[in-house]
Chemist: 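The structure is given below, and queries will be raised subsequently.
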Amino acid sequence: MKKYVLLFLGLSFLFYNCSSDDDNDSVVEEAVNPPLPLQPTPVVLTNEINDFVWSAMNSWYFWQDEVLELGDNRFANQDAYFTFLNQFQTPRGLFQTLRSPKDRFSVIVDDFDILFNSFAGVFTSNGVEFVLTRPPSGGTAVIAVVRYIVPGSSAAATSIKRGDVIFAINGTPLFATTDNQGNILSSNLELFNPDVITLNFADIVGNELVPNGIDIEVTKTQITENPILISKVIEGTSIGYLMYNSFTSNFDDALNAAFGELKSQGVTDLVLDLRYNLGGSVLSAIRLSSLITGQFAGSVLSRDKWNDKWQPIFGAEDFFVNEMNGTPLNSLNLNSVYIIATDDSASASEYVINSLAPYINVTHIGSATVGKNEFSVTLVDNPGQVFQSNGQPDLPLPFIVLSENAGFTTVADANPNHKYAMQPLVGTNENADGFSDFTNGLQPDIEILESLGNLGQLGDPEEPLLARALQEINGTSAKSLSVFVPEHMKIKTIGSSNRLKPYRDILHKDTFKK
């Protein structure tokens with residue numbers, strides 16, 4: 001108890017002294033404000049192209065609402081957004097991260113001129129078009145079987161022809177390993193990439209691949225390929241045959257002229273060969289469908305579906321047409337068509353097959369197609385683009401490349417600091433009956449594969465796939481159809497020159513509702 005009394009007296013004395021000091025002290029101390037908390041340094045974006053990639057994909061990508069990283073509310077603020085973008089050293093790395101698992105075809109390029117040239121049929125090639133497959137002996141070896149030679153190319157000045165077998169490049173045999181679905185896991189197919197290469201040829205003797213000592217050098221040059229490889233009337237018949245290798249709108253006048261020639265010769269049936277056609281322009285597909293028919297002008301050919309942001313604006317129907325820039329189409333008014341299509345037929349080729357099916361009898365000869373029911377558009381870094389219409393509010397149309405003929409200067413007004421562009425999937429097509437579910441490919445009515453021992457010449461009535469179409473039309477059977485082809489001689493596609501080219505498997509949406 002005594003301890004507590006002393007402690008109390010001590011504290012009282014202390015407080016008394018402090019109080020006395022305060023009363024007698026004439027100096028009043030100024031209040032000291034606590035230091036302000038340090039503000040974080042704003043995050044600086046290290047690559048402006050990454051901002052373009054994310055912003056354009058967020059706006060236009062078909063699966064935008066399914067990709068977490070593309071969510072409209074994904075980032076709390078700009079710092080969080082820039083921090084995310086700065087994780088990616090290249091725009092391509094970011095682009096791949098933003099793609100949906102459903103997406104097999106979207107691409108990004110670092111120079112949009114290459115993309116636009118491709119759409120116009122202009123590309124760099126040595127002119128050897130081929131399919132990659134296994135030799136009869138199997139294993140991991142790969143051979144390139146020549147399909148055709150592009151006119152005007154380096155290879156056109158050589159003796160290389162359809163059916164020739166390439167087994168090596170610059171003396172190095174080709175190989176590829178694949179998974180159970182046929183996807184290439186590893187290969188040396190990059191041997192095809194250099195501008196100048198020497199092709200090493202072989203013959204197939206029995207089941208063996210035997211080098212024949214023929215070596216031919218070819219050089220890549222910039223060429224413009226006419227997609228109409230062959231247009232003719234089969235001799236002694238009224239059957240037209242058209243081999244069309246790309247939907248290239250620059251050649252739509254030539255396509256109309258080719259149909260005009262077929263029409264003038266009184267064709268009553270048509271074999272349309274799309275076996276090596278990976279696609280291209282939607283506008284060309286509409287015109288081709290209308291050239292085959294003609295009696296359905298104004299009827300719905302296809303409907304497209306965009307993401308929720310753009311469906312109210314761009315969602316529309318494609319219609320059969322009867323003219324092209326004021327020129328009447330030379331339509332054949334057919335009620336049936338025989339289409340050769342294979343596993344190298346995609347996008348616009350599938351658009352034509354699927355869209356014609358509700359209207360006429362379409363007989364598909366060959367094999368299952370690629371299965372691409374989506375379309376794409378070109379996006380460049382032009383976020384401020386708007387559509388202006390008299391009496392209407394300006395409509396922002398960021399990034400999308402639209403026709404200069406309609407008054408747009410998308411590319412001219414794009415960011416001058418880079419030429420990156422994207423070709424993402426932005427929608428799907430369905431035919432007039434509402435069918436669009438062919439991601440596993442359109443299945444053939446008559447299955448027949450090209451083969452190493454019975455390849456034939458394109459346009460020849462003895463060529464097996466054409467012969468089978470002719471048999472369906474007029475009942476005649478070619479000798480080539482009676483040739484027994486063992487399974488190991490049938491061409492099972494591993495890849496092709498088509499697939500090694502940039503941007504050939506694209507359904508490019510180049511027609512929009514007004």
Side-chain angles (χ1 to χ4, degrees), residues 119-121 225-233 239-263 267 269-304 317-325 327-342 344-366 369-370 372-373 375 429 431-432 442 469 504-511:
F119 295 155
E225 181 180 357
N226 186 337
I228 306 165
L229 186 65
I230 304 171
S231 181
K232 60 185 284 188
V233 176
I239 302 171
Y241 172 76
L242 179 78
M243 184 162 202
Y244 186 59
N245 289 334
S246 175
F247 288 79
T248 309
S249 60
N250 293 39
F251 287 88
D252 284 355
D253 287 334
L255 184 63
N256 192 31
F259 269 82
E261 184 62 26
L262 294 175
K263 187 174 183 178
V267 299
D269 295 279
L270 176 69
V271 179
L272 175 63
D273 197 338
L274 302 176
R275 73 181 78 183
Y276 307 141
N277 191 324
L278 281 176
S281 163
V282 170
L283 183 58
S284 296
I286 293 171
R287 290 169 172 170
L288 177 58
S289 301
S290 302
L291 284 164
I292 293 167
T293 55
Q295 65 272 41
F296 305 112
S299 298
V300 173
L301 179 65
S302 177
R303 299 183 184 90
D304 51 50
E317 297 171 329
D318 296 333
F319 299 94
F320 287 94
V321 297
N322 57 15
E323 58 86 26
M324 179 174 58
N325 300 326
T327 301
L329 292 184
N330 298 310
S331 300
L332 299 181
N333 295 293
L334 298 177
N335 293 311
S336 63
V337 66
Y338 301 83
I339 299 181
I340 298 173
T342 67
D344 238 14
S345 306
S347 65
S349 292
E350 295 169 309
Y351 176 104
V352 170
I353 297 171
N354 188 49
S355 297
L356 285 177
Y359 292 94
I360 65 175
N361 182 36
V362 178
T363 303
H364 171 183
I365 299 145
T369 59
V370 170
K372 184 180 181 185
N373 61 345
F375 60 86
N429 292 110
N431 66 17
L442 295 168
R504 288 299 292 268
D505 56 348
I506 287 174
L507 180 60
H508 181 215
K509 185 72 173 177
D510 52 358
T511 176

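This one's a predicted model, so the numbers in the text were calculated from it and none came from an experiment.
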Chemist: Using the ring of each side chain (for Trp, its six-membered ring), is Phe320 parallel, tilted or perpendicular to Tyr359, with breaks at 30° and 60°?
Modeler: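 Rings of Phe320 and Tyr359: perpendicular, over 60°.
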Chemist: Can you see which heavy atom on Asn277 is nearest to which on Ser246, and at what distance?
Modeler: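 Here Asn277 and Ser246 meet closest at ND2-N, 3.0 Å.
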Chemist: What's the shortest heavy-atom distance between Thr293 and Ser331, and which atoms?
Modeler: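 Heavy atoms of Thr293 and Ser331 come nearest at O-CB, 3.4 Å.
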Chemist: Rounded to the nearest 0.5 Å, what's the gap from CG on Asp273 to OH on Tyr338? Could you check?
Modeler: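 If we round to the nearest 0.5 Å, Asp273:CG and Tyr338:OH are 15.5 Å apart.
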Chemist: What's the spacing between Ile292 CD1 and Ile360 CD1 if we round to 0.5 Å?
Modeler: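 Nearest 0.5 Å value for the CD1-CD1 distance: 6.0 Å.
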Chemist: Quick one: OG on Ser231 to OH on Tyr244, what's the gap to the nearest 0.5 Å?
Modeler: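 Here the interatomic distance stands at 12.0 Å.
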Chemist: Using modelled atom types and a 3.5 Å cut-off, is there a donor and acceptor pairing between side-chain atoms of Asn335 and backbone atoms of Asn361?
Modeler: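 No: the side chain of Asn335 does not pair with the backbone of Asn361.
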Chemist: Roughly how far apart are Phe247 CZ and Leu278 CG, rounded to 0.5 Å?
Modeler: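 Nearest 0.5 Å value for the CZ-CG distance: 11.0 Å.
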Chemist: Say you draw a straight line from CD1 of Ile365 to OG1 of Thr342; how long is it, rounded to the nearest 0.5 Å?
Modeler: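 Answer rounded to 0.5 Å: 12.5 Å.
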Chemist: Measure the CG-CG distance between Asn330 and Leu262 for me, rounded to the nearest 0.5 Å.
Modeler: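 It is 9.5 Å, given to the nearest 0.5 Å.
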Chemist: For Tyr351, which of Asn429, Asp318, Asn431, Asn373 qualifies under side chain to side chain donor-acceptor pair (under 3.5 Å)?
Modeler: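 Going through the options one by one, the only one that passes is Asp318.
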Chemist: Quick one: side chain to side chain contact (heavy atoms under 4.5 Å, CB included) partners of Glu317, sequence neighbours excluded?
Modeler: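 Glu317: side chain to side chain contact (heavy atoms under 4.5 Å, CB included) contacts with Val300, Arg303, Phe319.
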